[in-house]
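Written out below as structure tokens is the structure these notes cover.
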Number of protein chains: 2
Amino acid sequence: MSANSRLTIAAHALAWISLYQRRGHGVATSEQIASSANTNPVVIRRLLGELRGAGLVESRRGAGAGWSLTRELGSMTLLDVYEAVEPGPLFAMHRATPDQECVVGYGIQPAMQGIYEGIEQTLRRELAGVTLEDVLRDVLAAPR
Amino acid sequence: MSANSRLTIAAHALAWISLYQRRGHGVATSEQIASSANTNPVVIRRLLGELRGAGLVESRRGAGAGWSLTRELGSMTLLDVYEAVEPGPLFAMHRATPDQECVVGYGIQPAMQGIYEGIEQTLRRELAGVTLEDVLRDVLAAPR
DNA sequence: GGCTGTCGTAACCATTACTGTTACGACAGT
DNA sequence: ACTGTCGTAACAGTAATGGTTACGACAGCC
């Protein structure tokens, strides 16, 4: 399926920002987050930009600029993040429309669409059951 | 996520083979299936090859060759097909290992892995709840 | 008012996966 | 021997992802 790391990195960034603020620091910079996630600041800015579009974080520009959360981690779920960074559906239909003269070709798309819809709904429910607070708790629970 | 159509095409092929056989014809050729799915026969052969590896179909070579099912559609689930054609996990970890000196960088991977595991388990259960017989029934239920 | 640090974003590249296509050998039934 | 189909390699086109550089925009601070 060619899985990507967008949800992982986004969760990482949110957990990092929150922990940083809980420790009394100011706003978090993409540079710092990128250093923790071992990637490039631009990658972080792109991802956080999408989270900002979803209202999960906000950014300040100018000197002393950076990122901060708009609400508590406990009120943010993985579904919020998923919807912000993963636009498309999980499974795709045929690239070219199948043969409409064939019974299977005619009925396959509505059939699969209905099935996929149910599956994605379940996935969303599952993602909605995990808050970013849960994520941070699990992160801090890692044995040293 | 860059969704692909492999599961869709594989289900299409299985439904087509089964319906073809129910109508009293012999084995199905990749050429015929490709025509219904509006794609290239090689694409079908590649996909069915993976299904053969999973024991869902078998192929005969030589003249009068083609594909047939090894068991009833009712005993085949979308999970069987999914596992045959989609190897990797749904969500990926960081490309480069995160900063192990950072608390978040240290704990994020085990945390996300645990969460993803549960989610994938739910997805599998959902896929296992749909048989290819269900798919064919839905296909034939499409209004003309 | 200028300096400085950070965001916002464009541009480009490398890698990877998927899909489509051509080609051709292998094989088995007639 | 002929024929039709599979099995598979090889290649191209497209798209998504992730990394990188670059630079303008912006806001706080001296």
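In what follows, chains carry the letters A, B, and so on, assigned in the order in which the sequence lines appear, proteins first and then strands, with residues in each chain numbered from 1.
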Check: Does OP1 or OP2 of C:dG5 have a side-chain N or O of A:Thr29 closer than 4.0 Å?
Finding: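 Checking A:Thr29 against C:dG5: no side-chain N or O falls below 4.0 Å of OP1 or OP2.
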Check: Just to confirm, is there a sub-4.0 Å distance from OP1 or OP2 of D:dG7 to any side-chain nitrogen or oxygen of B:Ser59?
Finding: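 B:Ser59 to D:dG7 OP1/OP2: side-chain N or O found under 4.0 Å.
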Which atoms of nucleotides 26-30 of chain D (N or O only) lie under 3.5 Å from a protein N or O atom, and what are those distances?
from   : atom 1 : to      : atom 2 : distance (Å)
D:dC26 : O2     : A:Gly62 : N      : 3.3
D:dA27 : N3     : A:Ala63 : N      : 3.0

Item checked: Residues that A:Ala28 engages under side-chain contact (heavy atoms from CB on, under 4.5 Å), provided they are two or more places apart -> A:Trp16, A:Ile17, A:Tyr20, A:Gln32, A:Ile33
Margin query: Taking side-chain contact (heavy atoms from CB on, under 4.5 Å) as the definition, give me every residue that meets it alongside A:Arg6, ordered by chain and number, with sequence neighbours left out.
Written below: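 With sequence neighbours excluded, A:Arg6 shows a side-chain contact (heavy atoms from CB on, under 4.5 Å) to A:Asn4, A:Leu47, A:Glu50, A:Val85, A:Glu86, given in chain and number order.
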Notebook entry, point to check: Pairs in or reaching into residues 101-115 of chain B: which pass side-chain hydrogen bond (donor to acceptor under 3.5 Å, both in side chains), with residues at least two apart or in two chains?
Noted result: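 Non-adjacent pairs meeting side-chain hydrogen bond (donor to acceptor under 3.5 Å, both in side chains): B:His94-B:Gln109.
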Next item on the list: Hey, could you give me each pair passing side-chain hydrogen bond (donor to acceptor under 3.5 Å, both in side chains) that has a residue in residues 129-141 of chain B? Not counting sequence neighbours.
Entry: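 Qualifying pairs: B:Arg22-B:Glu133, B:Thr131-B:Asp134, B:Asp134-B:Arg137.
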Between [atom2] on [N] and [atom1] on [X], what's the gap in Å once rounded to a whole number?
{"X": "A:Trp67", "N": "C:dG5", "atom1": "CH2", "atom2": "C1'", "result": "15 Å"}
{"X": "A:Glu50", "N": "D:dG18", "atom1": "CD", "atom2": "C1'", "result": "13 Å"}
{"X": "A:Glu58", "N": "C:dG8", "atom1": "CD", "atom2": "C1'", "result": "16 Å"}
{"X": "A:Ile44", "N": "C:dT9", "atom1": "CD1", "atom2": "P", "result": "16 Å"}
{"X": "B:Leu48", "N": "D:dT8", "atom1": "CG", "atom2": "C1'", "result": "15 Å"}

Checklist line | A:Asp99 backbone acceptor or donor facing B:Ser36 side chain under 3.5 Å | finding: no
Notebook entry, point to check: Any donor and acceptor pair, going by atom type alone, linking the side chain of B:Arg71 with main-chain N or O of B:Ser75 inside 3.5 Å?
Noted result: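 Yes.
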Expected list for residues 57-68 of chain B: side-chain donor-acceptor pairs under 3.5 angstrom, two or more places apart:
from    : atom 1 : to      : atom 2 : distance (Å)
B:Ser59 : OG     : B:Arg52 : NH1    : 2.8
B:Arg60 : NH2    : B:Gly64 : O      : 3.4

Margin query: Rounded to the nearest 0.5 Å, what separates atom CG in A:Leu19 from atom CD in A:Gln21?
Written below: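 CD of A:Gln21 is found 10.0 Å from CG of A:Leu19.
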Next item on the list: With rounding to the nearest 0.5 Å, note down the distance linking CZ in B:Arg46 to OG in B:Ser30.
Entry: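 Rounded to the nearest 0.5 Å, the CZ-OG separation comes out at 11.5 Å.
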Check: In residues 10-21 of chain B, what residues come within less than 4.0 Å of DNA chain C, judged by heavy atoms?
Finding: none
Margin query: For DNA chain C, which residues of residues 99-115 of chain B approach it to below 4.0 angstrom with any heavy atom?
Written below: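 DNA chain C contact set from residues 99-115 of chain B: none.
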Item checked: Any pair counted as ring pair (Phe, Tyr, Trp, His ring centres under 6.0 Å), so long as it reaches residues 113-136 of chain B, sequence neighbours left out -> B:Phe91-B:Tyr116
Checklist line | Qualifying ring pair (Phe, Tyr, Trp, His ring centres under 6.0 Å) pairs with a residue from residues 119-144 of chain B, counting only residues at least two apart or across chains | finding: none
Checklist line | Residues which pass side-chain hydrogen bond (donor to acceptor under 3.5 Å, both in side chains) with A:Glu83, listed by chain and number, not counting sequence neighbours | finding: A:Arg124
Item checked: Base-contact (B) and sugar-phosphate-only (S) positions in nucleotides 16-23 of chain C, heavy-atom cut-off under 4.0 Å, - elsewhere -> -SSBBBBB
Check: Hey, which of B:Thr77, B:Val81, B:Leu56, B:Leu69 is the one that makes side-chain contact (heavy atoms from CB on, under 4.5 Å) with B:Leu132?
Finding: B:Val81
